[in-house]
S.K.: 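Sharing a structure here in structure tokens format.
Every number for a ligand or one of its atoms is a count from 1 in the order of the listing.
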Amino acid sequence: MTERFAVIGDPIAHSLSPTMHTAAFKAAGIDAVYEAHRVVPDMLGRHVHHLRSGYSGFNVTIPHKEALFTELDEIHGAARELGAVNTVVIRNGVLSGWNTDPAGFTASLSTAGFDARGSHAFVFGAGGGARAVVHALVRLGASIDLANRHIDRAHSLARSFRSHIRVVADGDVLDALAGAELVVNCTPLGMSHVPNLSPLPLGATLSPDALAFDLVYGRRTPFLREADQQGCRTLDGLEMLVQQGAESFRLWTGAEPDVDIMRQSCLHLLEERACSAS
Ligand code: NAP
């Protein structure tokens, strides 16, 4: 029987997950469909009830990653520590919540050949993406500097981890950046609604040995362009998106996905969208 999977969120039309997972199921010879479901917050409980009976699992995106907690029977690993779920496995009507973003970030660093153990990382942002990145970096044994527009939120994120995370005030950002081996943008700056903005302050100098990692995907952002001009290696958020999807796939199927096919399917769709927008 065909298994059913979905991604739920609002908005959802932009999601790459249906394309990526459909390609992965096909490549693995698994008889499954993957759908995009637009679910407004008021309908979350009712929709999850619907998924519980006919689906094998689903992904969760904005705005349901935290609210979904009350609908789940079990919460595992990073999802509990992060207070956010992005993947749900359904077995015999039991809903288990997981968060594959930290694993996706860690796998992306490996793909880029970056060994984070003992490295010095600088993270911009203190939202859900930053929390997943910091979670991964703590486990990898990196030392972490964290800066955010509203510094209170950075302090609050830092306090929620047992490890020491240094919150960097605006006046100290340039110095901290200069010594970083990994710089991660976990803000939306550079996305289509703010395409010309970068988290790097004027005059920022990065080490040419550093890896600049932007969680924003699907576009060459000012952050990555500036880092590139300074001789840094760069990585955009598509790799993390694909790798977190690969981890969801493993949880659902117990099989190893063809990550390259997932990546290529996303790149193809992004190219198509860019062509139709121009
Ligand atoms: P979020 O929870 O809403 O947090 C947004 C963060 O960006 C906050 O720290 C916020 O600062 C900061 N920010 C927002 N607008 C800003 C501005 N104009 N100037 C400076 N800082 C600003 O969002 P999120 O879920 O962490 O997502 C952040 C980005 O990461 C998005 O682009 C998202 O698509 C991407 N992301 C990608 C992946 C992936 O797999 N590639 C995974 C997760 C997230 P304040 O706290 O001061 O408001």
S.K.: State plainly whether the residues Asp228 and Arg225 are in salt-bridge range, i.e. N to O under 4.0 Å.
M.R.: no

S.K.: Does the side chain of Thr100 come under 3.5 Å of the side chain of Glu247 through a donor N or O and an acceptor N or O?
M.R.: no

S.K.: Check Pro188 against Val194 and note the closest heavy-atom contact, atom names and distance.
M.R.: O-CG2, 3.5 Å

S.K.: Please determine which of Phe5, Trp252, Phe58 meets the ring pair (Phe, Tyr, Trp, His ring centres under 6.0 Å) test together with His21.
M.R.: Trp252

S.K.: In the protein, what heavy atom is nearest to atom 24 (P) of ligand 1, and what distance, to one decimal place, separates them?
M.R.: Gly129 N, 3.7 Å

S.K.: Taking 4.0 angstrom as the limit, do Lys65 and Asp101 come out as a salt bridge?
M.R.: yes

S.K.: Are any side-chain N or O atoms of Asn99 and backbone N or O atoms of Ala84, one a donor and one an acceptor, separated by less than 3.5 Å?
M.R.: yes

S.K.: Report the nearest protein non-hydrogen atom to atom 42 (C) of ligand 1: residue, atom name, distance rounded to 0.1 Å.
M.R.: Met240 CE, 3.9 Å

S.K.: Using ring centroids (six-membered ring only for Trp), state whether Tyr55 and His37 fall under 6.0 Å.
M.R.: yes

S.K.: So, is Gly128 polar-close to ligand 1, with some N/O to N/O distance under 3.5 Å?
M.R.: yes

S.K.: Would a search of protein heavy atoms around atom 33 (C) of ligand 1 find one under 4.0 Å away?
M.R.: no

S.K.: Atoms of ligand 1 less than 4.0 Å from Gly125 heavy atoms?
M.R.: 9 (O)

S.K.: Kindly identify the option in Cys186, Ser156, Ser108 whose heavy atom sits closest to atom 27 (O) of ligand 1.
M.R.: Cys186

S.K.: Do any N or O atoms from the side chain of Thr111 and from the backbone of Ala107 form a donor-acceptor pair under 3.5 angstrom?
M.R.: yes

S.K.: Return the closest protein heavy atom for atom 1 (P) of ligand 1 as residue, atom name and distance.
M.R.: Gly127 CA, 4.0 Å

S.K.: Would a 4.0 Å cut-off, counted as strictly less than, catch a protein heavy atom around atom 3 (O) of ligand 1?
M.R.: no

S.K.: Go through ligand 1 atom by atom and flag the ones less than 4.0 Å from a non-hydrogen atom of Val216.
M.R.: 32 (O)

S.K.: Would Ala126 count as being in polar contact with ligand 1, using the rule that some N or O on each side must be under 3.5 angstrom apart?
M.R.: yes

S.K.: I need the contact type for Leu189 against ligand 1. Using non-hydrogen atoms and a strict under-4.0 Å cut-off, is it side chain, backbone, both or neither?
M.R.: side chain

S.K.: Taking the six-membered ring for Trp and the single ring otherwise, decide whether the centroids of Phe213 and Phe105 are under 6.0 Å apart.
M.R.: yes

S.K.: Is it the case that ligand 1 has an N or O less than 3.5 angstrom from some N or O of His150?
M.R.: yes

S.K.: What protein heavy atom lies closest to atom 37 (C) of ligand 1? Include the residue and the distance to one decimal.
M.R.: Leu215 O, 3.2 Å

S.K.: Below 3.5 Å, N or O to N or O, backbone or side chain included: is there any such pair between Lys65 and ligand 1?
M.R.: no

S.K.: Considering Arg149, Arg131, Glu239, Gln243, which one's heavy-atom position lies nearest to atom 22 (C) of ligand 1?
M.R.: Arg149

S.K.: Rounded to the nearest 0.5 Å, how far apart are OG of Ser248 and CE of Met20?
M.R.: 7.5 Å

S.K.: Please say whether Met191 places an N or O atom under 3.5 Å from an N or O atom belonging to ligand 1.
M.R.: no

S.K.: So which heavy atom in the protein is nearest atom 10 (C) of ligand 1, and how far is it from that ligand atom?
M.R.: Asn148 OD1, 3.9 Å

S.K.: May I ask which of Gln244, His193, Arg153 has a heavy atom nearer to atom 8 (C) of ligand 1 than the others do?
M.R.: Arg153

S.K.: Among Pro188, Ala147, Gly237, Ser198, which one has a heavy atom closest to atom 7 (O) of ligand 1?
M.R.: Pro188

S.K.: Does Leu95 offer a backbone N or O that forms a donor-acceptor pair with the side chain of Asp73 under 3.5 Å?
M.R.: yes

S.K.: Under 3.5 Å, side chain of Arg52 to main-chain N/O of Gly93, donor-acceptor pair present?
M.R.: yes

